[in-house]
**Student:** 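Here it is, the structure in full.
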Amino acid sequence: MSTVTTLPAELRRISFRFSGNGRHATCLAAYGRDKLMPELWDLTGPAPRSRLLPTREGETSWTLPLPTGDGDVLLCRHGKGSARLLLAVPGPDGAPAEEYELLTPRSGGLRLVAGVAPGTAALLFESGADGRTTVWRVSGRAEAPEQVARLAGAVGGGVWLDEDGRRLALARPEPGTGGTVVLDLATGLLTSLDGPADGEHLLMAAPRTGVLLTAAQRDGTFRLGVRHRDDPAPTAFPERLNRIEGTVAPLTLAPDGRHLALSVVRRSRSDLLLHDLVADTAIEAELPAGTLQPLARWTAGGLHLLHSTPDRPLGVVTLTDPLRPRARAAAEEHPGGWAPARTVDYHGPAGPIEAIVYGDPATSEQVVLALHGGPEAAWPFGFDPLFQRMAAAGMAVVAPNQRGSTGYGAAHRDAIHGAWGGPDLADILQLGRTLAGARGPGRQRPMLYGISYGAYLALLAAAAQPDLWTRAAVIAPFLSGRALYQDGPQRVRTLLDRLGGCAEADDELGPRDLARLADRMRLPIMIIHGLQDSIIPVAHSRRLHGRLLAAGHPVPPVYLEIPVADHDPLASSDGHLVTGLLIDFLSGRPVTA
């Protein structure tokens, strides 16, 4: 049996941020079995360059990094009910960073907004237990922050309206509070943002020229608008800009405000459009087939994007002259070694089902059918550390975007509204039969993997046709829509209401309740759940585990609770260990926690 390879198949990057001047970026990175640590990107050369900044304690996924304009890194380290602000100063390559503690507030809520003025690396927003927000100016040096304002209530966002860093637009999240407000750093006072109509939200600005990009709901859909900071004229909503097909996400404005960079998701891939807001025309930039993250920075040095492909990890790429025809993206040098992927359209019960495929599902020793969470989500055509680990272990991976997934039009997305575990389950069962048929009688049947909604769907498939699968590994399953509505947080109940997740199916399988269907799941099952899951209560996995044990199946289920993990244990500080156990289970090796 194939064994899991070592690096480079274990690289993970999260929490990217740009400095206010766009000269640096940071993220948290985990290489192999190392803990997460800050990674600092220098964007001043012809191609992005990155280096790791080992810290004394290591970081968790709750750490929020932000680069200063000079190439140091601010770290908001969040713990259980506490937070600290530190400055990490890079040492010689490979040496631990020097750390300076700048602030230890009484409350546990901190966030940073990158500064644009000299002497202001960031503004720090501290949410107090009394409901007020304290604003601190952080210089970027090893010195205590300076308090500049104390605001009633909570504020979010942060869009600079001028180059000298005096006026910052903020969002008031509470209904009836006036939407966008402006904080004057010189006086500490809040005022309303003049110009935008009620219900119009500020998204971004070009401080040098005063161009503002807004969004407002018009005729039942959100439309992008363009206006000027000092012009009382009504916002213009460019016609062609608002007719782009696909899932559109504004990324950043050019320094002069004339061009807008947009990510447009079509199927599993992202395209980069550069839209001329004056002429209302667009050009498509050339990037390798992959995915873009909804964060970018456009400076005089170029357009800096966060991009990945299946065989290239997420990282910063730079278009030094983005408006030039056929401009090429410069990326960090990387040794490579990751498995490539392709997209395949499989025949489904109601039409094609696109899947991202690694390896040869027909001839590989094992094949995994991987199901995404959501359900309003999709597998992107980008780097996935888990799929790389599976491929390194000799497994083929088929990651479908079945009905219910985004990126394939409204009919495909809305097919499961009021029918969770209906059309999507039919798609998965047909895919399983297709894969098993292509493999023939002499090879192992497909395996199932799923997370969150994908875990629920995978176990429904295991119950609906248990003889089709070899085994199933799931992360953070819920028992049923109704049970989750009763036990889950408000944002999950809102999702269930909007998507009809509590509706009961009426067919031979019956109500889609995993506790009721546990007797039918006669294959080896692994269940993993984060003890601190804030979306799906861990009690759901505990109850399911108890029902599976009571059913007396020949192979007892493997059940793991990860103490330090939230909703995705693979993204926790123990993620590499959890991934290793999951790979061991799918490979048929004994699992010892």
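Atoms considered below: every heavy atom in the structure, side chains included; atoms not considered: hydrogens, waters and symmetry mates.
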**Student:** Over all heavy atoms of both residues, which pair between Pro569 and Ser572 is shortest? Give the atoms and the distance, please.
**Tutor:** O-OG, 2.7 Å
**Student:** Quick one: does any side-chain atom of Asp72 pair with a main-chain N or O of Thr68 as donor and acceptor, under 3.5 Å?
**Tutor:** no
**Student:** Output all residues satisfying side-chain contact (heavy atoms from CB on, under 4.5 Å) with Pro288, sequence neighbours left out; order by chain, then residue number.
**Tutor:** His307, Thr309
**Student:** Within a strict 4.5 Å, meaning less than it, do heavy atoms of the Leu319 and Leu305 side chains meet?
**Tutor:**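 Yes - at least one pair of side-chain heavy atoms lies under 4.5 Å apart.
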**Student:** Quick one: does Met204's side chain get under 4.5 Å of Pro250's, heavy atoms only?
**Tutor:** yes
**Student:** Answer whether the closest heavy-atom distance between the side chains of Pro380 and Ser268 falls below 4.5 Å.
**Tutor:** no
**Student:** Just so I know, are the side chains of Leu40 and Pro90 near enough to count as touching, which here means a heavy-atom distance under 4.5 Å?
**Tutor:** yes
**Student:** Just by distance, do the side chain of Arg12 and the backbone of Gly575 share a donor-acceptor pair under 3.5 Å?
**Tutor:**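 Not confirmed, Arg12 side chain does not pair with Gly575 backbone.
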**Student:** Please name the pair of heavy atoms, one in Gly158 and one in Leu168, separated by the smallest distance, quoted to 0.1 Å.
**Tutor:** C-CD1, 3.7 Å
**Student:** In terms of heavy-atom contacts, does CZ of Arg269 have more than 12 from other residues, nucleotides or ligands at under 6.0 Å?
**Tutor:**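 Yes, because the 6.0 Å sphere around CZ of Arg269 holds more than 12 heavy atoms from other groups.
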**Student:** Answer yes or no: is there a donor N or O on one side and an acceptor on the other, between the side chain of Arg167 and the main chain of Val182, under 3.5 Å?
**Tutor:** no
**Student:** Could you please spell out the steps behind the side-chain contact (heavy atoms from CB on, under 4.5 Å) verdict for Leu212 and Leu203?
**Tutor:** CA-CA 8 Å; Leu212 308 181; Leu203 300 181; over 6 Å; no
**Student:** More than 12 non-hydrogen atoms from neighbouring residues, nucleotides or ligands closer than 6.0 Å to CG on Asp497, yes or no?
**Tutor:**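 Atom CG in Asp497 is packed in, count exceeds 12.
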**Student:** Donor-acceptor pair, distance only, cut-off 3.5 Å: does the side chain of Glu59 make one with the backbone of Pro65?
**Tutor:** no
**Student:** I'd like to check His78 versus Leu64 (side-chain heavy atoms, cut-off strictly below 4.5 Å). Are they in contact?
**Tutor:**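 Yes, close enough: below the 4.5 Å cut-off.
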**Student:** Would you say the side-chain atoms of Glu146 and Trp136 include a donor-acceptor pair closer than 3.5 Å?
**Tutor:**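 Trp136 and Glu146 do not have a side-chain donor-acceptor pair below 3.5 Å.
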**Student:** Within the distance-only criterion (no hydrogens, no angle test), does the side chain of Ser139 pair as donor or acceptor with the backbone N or O of Arg141 below 3.5 angstrom?
**Tutor:**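 A pair under 3.5 Å: yes.
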**Student:** Which of these passes side chain to side chain contact (heavy atoms under 4.5 Å, CB included) with His304: Leu295, Leu251, Thr252, Thr299?
**Tutor:**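 It is Thr299; the other options fail the test.
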**Student:** Applying salt bridge (Lys or Arg N to Asp or Glu O under 4.0 Å), run through Glu101 and Arg84 and close with a yes or a no.
**Tutor:** CA-CA 7 Å; Glu101 188 161 309; Arg84 291 186 294 156; 3.0 Å; yes
**Student:** Within a radius of less than 6.0 Å around CD of Gln490, do more than 12 heavy atoms belonging to other residues, nucleotides or ligands occur?
**Tutor:** yes
**Student:** What are the two closest heavy atoms between Val264 and Glu245, and how far apart are they?
**Tutor:**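 Looks like CG1-O, 3.2 Å.
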**Student:** How far apart are the closest heavy atoms of Thr180 and Leu202, and which atoms are they?
**Tutor:** OG1-N, 3.9 Å
**Student:** Salt bridge or not between Asp574 and Lys35? Use side-chain N to carboxylate O under 4.0 Å.
**Tutor:** no
**Student:** Cation-pi between Arg297 and Phe18: NZ/CZ under 6.0 Å from ring centre and within 45° of the ring axis?
**Tutor:** no
**Student:** One pair to check against salt bridge (Lys or Arg N to Asp or Glu O under 4.0 Å): Arg258 and Asp276. What are the steps and the verdict?
**Tutor:** CA-CA 6 Å; Arg258 174 159 181 161; Asp276 186 325; 2.9 Å; yes
**Student:** Looking only at the side chains, is there a donor atom on one of Thr26 and Glu39 sitting less than 3.5 Å from an acceptor on the other?
**Tutor:**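 No - no donor-acceptor pair under 3.5 Å links their side chains.
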**Student:** How are the rings of His259 and Trp298 set to each other: parallel, tilted or perpendicular (split at 30° and 60°)?
**Tutor:** tilted
**Student:** In Å and rounded to the nearest 0.5 Å, what is the CG to CG distance from Leu185 to Leu123?
**Tutor:**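 The CG atom of Leu185 sits 5.0 Å away from the CG atom of Leu123.
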**Student:** For Asp230, does the CG atom sit with more than 12 other heavy atoms under 6.0 Å from it, leaving out its own atoms?
**Tutor:** yes
**Student:** Indicate yes or no: at least one non-hydrogen side-chain atom of Leu277 is less than 4.5 angstrom from one of Leu253.
**Tutor:** yes
**Student:** If you measure from CG on Leu75 to CG on Leu28, what distance do you get to the nearest 0.5 Å?
**Tutor:**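 Output value for this atom pair is 7.5 Å.
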**Student:** Quick check: closest heavy atoms across Pro67 and Ser19, and the distance to 0.1 Å?
**Tutor:**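 The answer is CG-N, 3.3 Å.
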**Student:** Between Arg77 and Ala83 (side chain of the first, backbone of the second, donor and acceptor by atom type, cut-off under 3.5 Å), is there such a pair?
**Tutor:** no
**Student:** Say whether, by atom type as modelled, one donor and one acceptor occur between the side chain of Arg229 and the main chain of Pro207 under 3.5 angstrom.
**Tutor:** yes
**Student:** Could you tell me whether the side chain of Ile536 reaches within less than 4.5 Å of the side chain of Val492, counting heavy atoms only?
**Tutor:** no
**Student:** Do we see a donor-acceptor contact under 3.5 Å between the side chains of Ser534 and Asp566?
**Tutor:**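 Side chains of Ser534 and Asp566: pair found under 3.5 Å.
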**Student:** When you measure from the side chain of Trp160 to the backbone of Arg166, do you find a donor-acceptor pair of N or O atoms at a distance under 3.5 Å?
**Tutor:** no
**Student:** Can any side-chain N or O of Arg111 pair as donor or acceptor with the backbone N or O of Gly157 at less than 3.5 Å?
**Tutor:**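 Between the backbone of Gly157 and the side chain of Arg111 there is a qualifying donor-acceptor contact (under 3.5 Å).
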**Student:** For the pair His567 (side chain) and Gln532 (backbone), establish whether a donor and an acceptor sit closer than 3.5 Å, ignoring hydrogens and angles.
**Tutor:** no
**Student:** Please report the shortest heavy-atom distance between Leu66 and Ala121, naming the atom on each side.
**Tutor:**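 That would be CD2-O, 4.4 Å.
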**Student:** I'd like to check the side-chain hydrogen bond (donor to acceptor under 3.5 Å, both in side chains) partners of Arg328; sequence neighbours left out, ordered by chain and number.
**Tutor:** none
**Student:** Distance from Leu314 atom CG to Arg312 atom CZ, nearest 0.5 Å?
**Tutor:** 11.5 Å
**Student:** Nearest 0.5 Å, what's the NE2-CZ distance between His24 and Arg17?
**Tutor:** 15.5 Å
**Student:** Report yes if the side chains of Leu183 and Val135 come closer than 4.5 Å at any heavy-atom pair, otherwise no.
**Tutor:** yes
**Student:** To the nearest 0.5 Å, tell me how far Asp384 CG sits from Trp338 CH2.
**Tutor:**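 Separation between the atoms: 13.5 Å.
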**Student:** So with a 6.0 Å cut-off around CG of Asp198, is the heavy-atom count from everything else above 12?
**Tutor:** no
**Student:** According to the interplanar angle, ranging from 0 to 90°, do the rings of His372 and Trp379 count as parallel (below 30°), tilted (30 to 60°) or perpendicular (above 60°)?
**Tutor:** perpendicular
**Student:** Do any pairs count as a side chain to side chain donor-acceptor pair (under 3.5 Å) and have a residue in residues 277-293, sequence neighbours left out, and if so which ones?
**Tutor:**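 Only His275-Asp280, Glu286-Arg326, Thr291-Ser308 qualify under side chain to side chain donor-acceptor pair (under 3.5 Å).
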**Student:** Starting from the C-alpha separation in whole Å, work towards a yes-or-no answer on side-chain hydrogen bond (donor to acceptor under 3.5 Å, both in side chains) for Glu200 and Thr235.
**Tutor:** CA-CA 9 Å; Glu200 192 174 344; Thr235 301; 2.7 Å; yes
**Student:** Quick one: list whatever passes side-chain hydrogen bond (donor to acceptor under 3.5 Å, both in side chains) with Asp164, sequence neighbours left out.
**Tutor:** none
**Student:** side-chain contact (heavy atoms from CB on, under 4.5 Å) with Arg413: which residues, sequence neighbours excluded?
**Tutor:**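 Testing Arg413 for side-chain contact (heavy atoms from CB on, under 4.5 Å), a comparison that skips the adjacent residues, returns Glu376, Thr406, Ala410.
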**Student:** For His201, give me all partners under side-chain contact (heavy atoms from CB on, under 4.5 Å), at least two apart in sequence or on another chain.
**Tutor:**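 Residues passing side-chain contact (heavy atoms from CB on, under 4.5 Å) with His201: none at all.
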**Student:** Out of curiosity, Cys27 SG to Arg13 CZ, how far, rounded to the nearest 0.5 Å?
**Tutor:**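 Answer rounded to 0.5 Å: 5.5 Å.
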